[in-house]
Amino acid sequence: MTGPVPTILPVATGRVTAAVFWRALRRHPVLAWTSVATATAASGAAVVVPILLGRLVDLVVAGGTVRSLLLISAWILAAGLVAAVLTGVSRWLVTEWGTRACADLREQVLDHALRMDPARLEAVGSGDVASRVTEDVEQVTDSVQLAAGVFTSLVTVVITFAGFATLDWRIAAAFLVVFPVYVLSLRRFVPRAARLYAAERQAAAVRTQSLLTTFTGARTVHAYGMQEPQGRRVEEASRGAVVARLRAVRGFLWFANMMNYAEAIGLTAVLLTGFLLVRGEVSTVGDVTAAALLFHRLFGPLGMLLISFNDVQSAGAALARLVGIAGLDVPAARVVDPAGSRAPAGVVASSVSHRYPDGPTVLHDVSIEIAPGESLAIVGESGAGKTTLAAILGGVFPATGGKVWLGDLPIDDLHPDELRRLVGVVTQEVHVFAGTLADDLRLAAPHADDAQLHAALALVGADTWVAALPDGLQTVVGDGEHHLTPSQAQQVALARIALLDPPIVVLDEATAEAGSAGARQLELASAALVRGRTAIVVAHRLTQAQACDRIAVMAHGRIVELGSPEELVAAGGTYATLWSAWHR
Ligand SMILES: Nc1ncnc2c1ncn2[C@@H]1O[C@H](COP(=O)(O)OP(=O)(O)OP(=O)(O)O)[C@@H](O)[C@H]1O
C-alpha cells in the first residue's frame, strides 16, 4: 500500500531555503519597494553629514566667515535630522516586511506539520517536529530584527562607499586593505559556522525529543523505576546541547576578534594615506577628516554584516529545517462536501499486512468485508493485532501492505478532511484539550450550538455529570484545570464522534479505561454511537462483542474466527471458550 516510512524529516538545501524565503519576501511588493527606497534615502542623508563636516574643517582651516560656518552647521543638522527620521521609518518598514514574510512561512509550516502523515510523524518522533515548530520558528522570527539590520547595513555600506569614492579614490583604495582580512576570516569561519550551528540545532532537537519522551512516558518511567537511566539519558542530551552551543560560541568569538583587527588595519591605512595626500597637497585636511568619519561610519554596518554572519548562519539552519517541513508532500487543503459524508459506507480490507518501523510483521494478509451499517467486534489476546487492524481500517495510519476501501474509495485516495468525516476513531489515548468543555467538543464540530453539544453528551450518557460541573459546558478542563476522570474523558471523546456524525466509527477499547460501573456506562455510550453506523469495535469486554453483528477473533496478526456471536458460540472454537469463561 505504501513504501517504508522515512525516519527523519528533511532539511532543505541552502538554495531551496533561499528560494522559498525570497518567494515569501516577494509576496509583499509595496513593503519591499518602500523599504528599499527609504533605506537608500536614509543612507544618502547620513553620508552627507561627514562630507559636510569635512567642508566645515576646510572652512575653519581657510578662516571662513561666521555666516558660512553657521550655514554649513545648519545643513549638517538638517541632514542628520532627515537621516535619523528616515532610518527609523526604514527600520520599521523592513521589520514589518520581514515579519509578514515569516508569518506566511510559519503558517505554511504549521499547516504542513498538522497535515503530516501520522505514520511519518510516529516514525520520526514528535520531538523533531515540536522543536521545529517552536524553537526554530522562534529563532527565525527573532531574526527578523537582525535581517532588518542586515538589510539597512547593506544599503548603508553601498551608499557610504560611493560617498567615499567621490571624496578621493586613493583613500577609498586604501580602505580596501581590510578586505583580505575579511575574506580570509570569512573563508575560515563560514563553513565552520554552518557545521557548528547545524550541530547546535540538532543537539537542541535531541534534547527536546528526550525531554518529551520522558514527560509523555512519565508513568512508565515511574512504574518500572527507570528514573535514573532516563534521567541520565536526558542529562546526556542536555550536555550534548551545551557542548554544541559552547563550540558555536567559541567559533564566533574567534571571528569577532578578526573583525577588530580589520578595523585597526583599515583605519591606519586610511589615515596614513590621508596624511601622505595632505603632505603632498593633493588632498585637504577636510577631505581626509570626511574620509576617516565615513570609514568609521562604514565600519559599523560592515562589522554588523560580517558579525551577523553568525546569527544569519544560525537563523539559516533554523529556516532550512522549517522549509524542510514546508516542502513536505502533504495533501492540499480542500473543501469537502459535508452532505456526502453521512451516506452509508462499508469497509473492505484486502490482504492487509503491517509492520511498524524496524519491527516484525504484526498483521498478516488480513481480508475482511464489513457491510454498510454492520458492526464488527474484534477480540483476541493482547498483542494479537486488534489495535493495529482497527487503526488501519480507521485510517489512523496506512498499512505497509494490502488495500483498504471505505465505501467505494481506496483509503489512500481520501483527503484527510474527507477521511475524518467518513470515519470517527476513538483510540486508547483519549485526550482532553485545554480549554472549556464546549471548545473541546467543538473541535469536532466548530459550528455546533449548545443544544447540539448537550444532545451529543446525552447520547453518550455524560449529560448528568456535565450538568453538575461548576460552569457546565463553560467549565475549563484539561491539564491543571477541572480534572475529568478517564471514563469522563472517554465520554467526551465519544461525544466528539457523535457531533462529527460519521457513517463509520472505529472504537478501540473505549471501555478499557473504566472501572466496572463506569465500564457499563461507556459500553452503553459506545452502543449508542454504533447504532445506525458501520462500526468496528475492539472489544475487551465480551458483552460488547456479543452486541455486535459479527465478531472477528484475532491471534498472531491473523483473523482466526469470523461469524455472528451465535455462530461462533455454536462452533465451539476460541470464542466459544472465551464466552463460556466470561459467563461463568
Ligand atoms: N507503535 C508500535 N511500534 C512497534 N510495535 C508495535 C506498535 N504498536 C503495536 N506494536 C506491536 O504490534 C503487535 C500488535 O499490537 P496491537 O496493539 O495491535 O495488539 P492488540 O491485540 O491491540 O493488543 P492489546 O490488546 O494489548 O492492545 C504487538 O506485538 C505490539 O507489540
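First listed ligand is number 1; within each ligand, the first listed atom is number 1.
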Problem - Polar atom proximity, Val362 to ligand 1 (N or O, under 3.5 Å) - result: no
Exercise for the section: Examine the side chains of Ser353 and Asp365 and answer whether a donor and an acceptor come within less than 3.5 Å of each other. Expected result: no
Practice task
Heavy-atom contacts with Ala384 under 4.0 Å: which atoms of ligand 1 show up? List them by number with element.
Solution key: 19 (O), 20 (P), 21 (O)
Problem - Within 6.0 Å of CZ in Arg247, more than 12 heavy atoms from elsewhere - result: no
Handout entry: ligand 1 atoms in contact with Thr388 (distance to a heavy atom under 4.0 Å)
Key = 14 (C), 15 (O), 16 (P), 18 (O)
Exercise for the section: For the pair Arg533 (side chain) and Pro502 (backbone), establish whether a donor and an acceptor sit closer than 3.5 Å, ignoring hydrogens and angles. Expected result: yes
Fill in the blank from the handout: Note: Glu381, heavy atoms under 4.0 Å from ligand 1, region reported as backbone
Exercise for the section: Mark the output for Gly385 as yes if a heavy-atom distance to ligand 1 is under 4.0 Å, and as no if none is. Expected result: yes
Problem - Any donor-acceptor pair under 3.5 Å from Arg496 side chain to Val492 backbone - result: no
Problem - More than 12 heavy atoms from other groups under 6.0 Å of CZ on Arg550 - result: yes
Problem - Donor-acceptor side-chain pairing of Gln230 and Arg233 below 3.5 angstrom - result: yes
Practice task
Compute the minimum heavy-atom distance from Gly359 to ligand 1 and say whether it is under 4.0 Å.
Solution key: no
Exercise for the section: May I ask which of Gly383, Ala555, Gly557, Gly380 has a heavy atom nearer to atom 28 (C) of ligand 1 than the others do? Expected result: Gly383
